[in-house]
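One structure is given below, encoded as structure tokens.
For the numbers below, each heavy atom of this structure counts, side chains included, while hydrogens, waters and symmetry mates do not. Both ligands and their constituent atoms are indexed starting at 1 by order of listing.
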Amino acid sequence: MANSTAAAADPLPHHPNFHPSFSPPSSPSQSSSSTPSSAAELITVLNPATADPLATISATPATTIAALVAHANEQFRQGAWARADASERFRVLARAGVLIRERMAELVDLEVKQTGRPVREMTAQLGRVGEWFDYFASLARTHQDDSTPFKGPVLNVLKCQPLGVCALITPWNHPVLIASKKLAAALAAGNVVILKPSELAPLSVLKLGEILREAGLPDGTLSIVNGYGRETGKFLCEAKGLAKIDLTGGLATYEAVAPTAARNLTGLTAELGGKAPVCIFQSVGAEKGVRAALFASFIAAGQTCVTGSRLLVHERIYDEFKEVLVRRVAALRVGHPRDEHTQVGALINDAAVQRCSSFIRKAEEEGDVILCGGKPTSVDGRGYFFEPTVVETQRKSFLSCHEVFGPVIALIRCKDEDDIVRTANDSAFALGASVWTDDFAQAHRVADKIDAGVVWVNGHHLNDPSSPWGGWKESGMGKENGVEAFESYTKVKSVVFNYGIEPSWFDEVGAGTRYG
Ligand code: NDP
């Protein structure tokens, strides 16, 4: 376990939970205040590149969560944000976009330290996060109510209203990006939000809370609580009074959360895992195909839900592709995340390294060939690193069927287009997929046939606040991004204005009296 309970005299900086207008109920375990009262309430956040402790956070207990959800519902009812004019929501969220850009260096620093991801990656990723606030600010301002062709002298207006109190549960791999995708949509629609980031990487998300407050978000509209998923996350998802849960995480977490959500009639969006196929056809050639694969597979050290974790390569270029791929993967620079030249950073914790090793053992048992990598490594003798790894395998192998969430990539020879499509779709997951071809007709054909919520043609990892993102099958349900996400944070109220039908049903009996 990367995180541990800290000693009482721990000199590390403490990052309190963020809930500006809420005072936790007094109790012996009053852990949500800025000064926790006992060591048992503290969780230490580690830097995975060195295994050094970075900071402490407070674990939020069940009583505090219950009181916070009740408080959040009261804030929603009072309506400082829920009933704020659209132009006010626009102003605050657009300002947040500006402030995020101004605080970029601070956010990048925190993200690099707590995730172990290279500074180059985090600078590029966070450089776009402000756009999520720009986009959803604009949507808040421009989204229009609808009307229907209702029969007769009736005007039927469909109003999108905010849901209420929404719980956002986010992972550690893109802490600020994923929190922003959910937050910007939920807030634009007028909801009150309680966000629980992963306890492995919460620091930058807490900073995001401060930024939103500075942008003018009314106190009580956003709270950020810390703690382990199995405790704080569970308490939050089980609390009565939630209108929606928006989870990004693994299938096991979805399975833990979904039954309670169903019982409480709480809406649920689930962005889960993936086993993204990278379909490489002969027309792109081996060199370009390898460049595509390197980016798809090894960004974030393979720790993204759309990691190109299955390379499906047409047999006409397979041998050359394999030779170039192995050479380029072996040359990837694994290093300290702070080093601008580092291409592959740390994994999140020791458990992630052990998980990669267990996939290698299983692959060897099944007779797969480890073409390069395959072992844990370190930088200056420290940290949680794993060598970038390529395993030659076949489509039904354990590696081909299960998510690693690390830099262990399956390489599969395919004999033709049908074989590539069949192999791509032969998965329990259906989140992202990429198709690499210079054949225009093939690009359309294959994109149509692939089972995935997001299909890129001649690209991978491309993302935009306007573009719906989400998986099918075991990759989840619902969408982030786009109008779909905004509307998923609203409920439709159908308001029927009658301007000509008299309430005369019981006055007379006769043809033409309208009932419904
Ligand atoms: P987890 O499911 O372990 O954790 C995700 C979040 O859920 C964390 O905040 C975690 O808290 C919390 N959590 C864990 N258990 C519970 C529970 N019982 N009730 C409520 N909350 C809980 O996933 P990882 O953090 O390990 O992330 C990796 C997974 O997320 C992968 O499967 C990956 O593919 C998927 N993912 C999907 C994305 C998508 O867009 N579809 C994007 C990124 C990742 P804590 O960490 O504090 O324990």
Using a strict cut-off of less than 4.0 Å between a Lys/Arg side-chain nitrogen and an Asp/Glu carboxylate oxygen, indicate whether Lys362 and Asp368 qualify as a salt bridge.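 Here Lys362 does not pair with Asp368 in a salt bridge, since their nearest N and O are not under 4.0 Å apart.
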
salt_bridge(Asp134, Arg128) N-O dist < 4.0 Å: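 Result for this pair is no, no salt bridge flagged.
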
Under-4.0 Å heavy-atom contact with ligand 1, by part of [X] that carries it:
| X | value |
| --- | --- |
| Cys305 | both |
| Asn173 | side chain |
| Pro197 | backbone |
| His174 | neither |
| Val306 | neither |
| Leu431 | side chain |

Measure the spacing between CD of Glu111 and CG of Leu177 and express it to the nearest 0.5 Å.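 If we round to the nearest 0.5 Å, Glu111:CD and Leu177:CG are 8.5 Å apart.
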
Distance from His14 atom NE2 to Leu42 atom CG, nearest 0.5 Å?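 Separation between the atoms: 6.0 Å.
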
Using distance alone, determine whether [X] and ligand 1 share an N or O pair under 3.5 Å.
| X | result |
| --- | --- |
| Lys196 | yes |
| Thr248 | no |
| Gly250 | yes |
| Ile178 | no |
| Thr253 | yes |
| Thr170 | yes |
| Trp172 | yes |

So if I apply the side chain to side chain contact (heavy atoms under 4.5 Å, CB included) rule between Lys275 and each of Leu399, Val306, Leu431, Asp426, which one comes out positive?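 Testing each of Leu399, Val306, Leu431, Asp426 against Lys275, the sole residue satisfying side chain to side chain contact (heavy atoms under 4.5 Å, CB included) is Leu399.
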
Which residues pass the salt bridge (Lys or Arg N to Asp or Glu O under 4.0 Å) test with Glu484, not counting sequence neighbours?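 Partners of Glu484 by the salt bridge (Lys or Arg N to Asp or Glu O under 4.0 Å) criterion come out as none, since no residue qualifies.
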
Heavy-atom contacts with [X] under 4.0 Å: which atoms of ligand 1 show up? List them by number with element.
| X | answer |
| --- | --- |
| Glu199 | 45 (P), 46 (O), 47 (O), 48 (O) |
| Pro171 | 25 (O), 27 (O) |
| Ile169 | 6 (C), 7 (O), 9 (O), 12 (C), 21 (N) |
| Glu403 | 31 (C), 32 (O), 33 (C), 34 (O) |
| Gly227 | 47 (O) |
| Lys234 | 19 (N), 20 (C) |
| Ala256 | 18 (N) |
| Gly233 | 19 (N), 20 (C), 21 (N) |

Please examine the side chains of [Y] and [X], heavy atoms only from C-beta on, and report whether any two atoms are closer than 4.5 Å.
| X | Y | result |
| --- | --- | --- |
| Pro376 | Ser357 | yes |
| Leu222 | Phe18 | yes |
| Val329 | Phe298 | yes |
| Ile194 | Leu168 | no |
| Thr170 | Ile178 | yes |
| Ile100 | Phe133 | yes |
| Ile450 | Asn425 | yes |

For [atom], what's the nearest protein heavy atom and its distance?
| atom | value |
| --- | --- |
| atom 41 (N) of ligand 1 | Leu272 O, 2.8 Å |
| atom 33 (C) of ligand 1 | Phe405 CE1, 3.1 Å |
| atom 35 (C) of ligand 1 | Gly249 O, 3.3 Å |
| atom 46 (O) of ligand 1 | Ser198 OG, 2.8 Å |

What do you reckon, does Ser475 put a non-hydrogen atom under 4.0 Å from ligand 1?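 Distance cut 4.0 Å: Ser475 fails for ligand 1.
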
Contact with ligand 1 for Trp469, non-hydrogen, under 4.0 angstrom: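 Checking ligand 1 against Trp469, which is what was asked, there is a heavy-atom contact under 4.0 Å.
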
Any salt bridge (Lys or Arg N to Asp or Glu O under 4.0 Å) pairs touching residues 178-190, not counting sequence neighbours?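 Only Lys181-Glu480, Lys182-Asp246, Lys182-Glu480 qualify under salt bridge (Lys or Arg N to Asp or Glu O under 4.0 Å).
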
Would you mind finding which of Ala252, Gly229, Ser309, Pro202 brings a heavy atom closest to atom 17 (C) of ligand 1?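 Selected option, by shortest heavy-atom distance: Gly229.
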
Can you confirm whether or not the ring centre of Phe295 sits under 6.0 Å from the ring centre of His460?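 Distance test on ring centres: not under 6.0 Å, no.
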
Taking the six-membered ring for Trp, are His461 and Trp456 parallel (under 30°), tilted (30 to 60°) or perpendicular (over 60°)?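 The rings of His461 and Trp456 sit tilted, inter-plane angle from 30° to 60°.
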
